[in-house]
Amino acid sequence: LTAYESTRDTTLEICTPLELEDHTVQPWPFVSPPKWHLGHTTWFFENFLLEPFFKMDPFDRGFKYIFNSYYESQGARIEQARRGILSRPTLDKVLEYRRHIDRRMREALSTLDRLDEPMRCDFLANLELGLHHEQQHQELLMMDIKAILWHQPGRPAYSFSQAFNENHCSKTNWIPIKEGLYEIGAEDPVFAYDIERPRHKVYLENFEIKDGLVSNRDYLAFIEAGGYSQPRYWLSDGWEWIQRTGASHPLYWRQSENHWFEYGLGGEFELNLNAPVSHVNYYEAAAFAHWSGCRLPTEAEWEVAFCNEARQQLWQWTTSAYHPYPNYLPFNRGFEEYNGKFMVNQIVLRGGCSCTPKNHYRPTYRNFFQPERRWQFSGIRLARSHPGHTTIS
Ligand SMILES: [Fe+2]
């Protein structure tokens, strides 16, 4: 109950600095309006806990169509790209929905002994997943809020306390890792997503990996060296992306009279050269690594190097495709669709970011996005197979 209440409260706190109108807009098809996140995370508890285990009637029979995200097993739903057309339900109605489901969840948790032992275990397992799911949406909310506010002509700040200017790339050393047999993946009995299991062996060759992330200063050097106009640094799909979009710098950068500015959650400020470069997609990360004479790490290399590290400032692109580990077993109890069906055309990111809830992150955590996406808090960490000359100091 304590975990439930604090997780639910945190989601509301994230939305506190928003105006009413901020809750409804969808500037890109892959961004969801905050109102939708508030409803969808609530629907998860209603649909996967209260209805099946306590036979409760839905709050509103039309909500399943609106707040089902991608579960084919749960029937028809509004297209993701059309979530921003919904003026109804209103934000007030969605907040009433949250309060209603929270009341029902408290009642359910106080009467769990009505369920037999196997049902009780399944309920608690679904509850745990529901809390981790809501935490995932808390980070998605921050990504989407940043995108929504950046689209406003005045570039309003979300919250000055969320400025990330304190983040500096102070570490620039290479960490050598010896070749050998290692293990990666989550061990029982801690909570982890199905895709982090099972723990398994990997063989790594000798490699080196940076202890810090690529800075804005380093990335600006790549831009000034003509990085975005030379196809030899880019993957074919990445070069096609540049031709199609005209991209010439990271997502939230803007150049004005030879000054670079960056939009952050604290508003738009002159580019902090010492901060890690952020909001780059896989193509940009790979091109920068190529230009540097380095490469991106694989996810196994990342996990072996940083298995004891706390959360990082930014997610970091790896070269690893988002695929199942050997002997992968998807979640059951209706959650087969949670992760497994997305295992195509996506790249793994490791490391966590400043907006990842503290008790959500684990070193075995596998985040994943399509290579073109860059509205997530993504940065670059370099690796190399053979120590040698590099343009990065
Ligand atoms: Fe979700």
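Heavy atoms only: backbone and side chains are in, while hydrogens, waters and symmetry mates are out. Atoms within a ligand are numbered from 1 in the order they appear, just like the ligands themselves.
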Tabulate below the donor-acceptor pairs under 3.5 Å that side-chain atoms of residues 50-62 make, not counting sequence neighbours, or state none.
| unit_1 | atom_1 | unit_2 | atom_2 | d |
| --- | --- | --- | --- | --- |
| Lys55 | NZ | Pro52 | O | 2.8 |
| Asp60 | OD1 | Gly62 | N | 2.7 |

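- Between the side chains of Gln313 and Ser354, no donor-acceptor pair of N or O atoms lies under 3.5 Å.
- A distance below 6.0 Å separates the ring centres of Phe45 and Tyr4.
- Every residue meeting the ring pair (Phe, Tyr, Trp, His ring centres under 6.0 Å) condition with His279, not counting sequence neighbours, appears here in chain and number order: Tyr252, Phe377.
- Heavy atoms of other residues, nucleotides or ligands lying less than 6.0 angstrom from CD of Glu179 number more than 12.
- Less than 2.8 Å away from the Fe ion (ligand 1), the protein contributes these N/O/S atoms: His40 NE2, His133 NE2, His137 NE2.
- Not a single side chain to side chain donor-acceptor pair (under 3.5 Å) links Glu128 to another residue, sequence neighbours left out.
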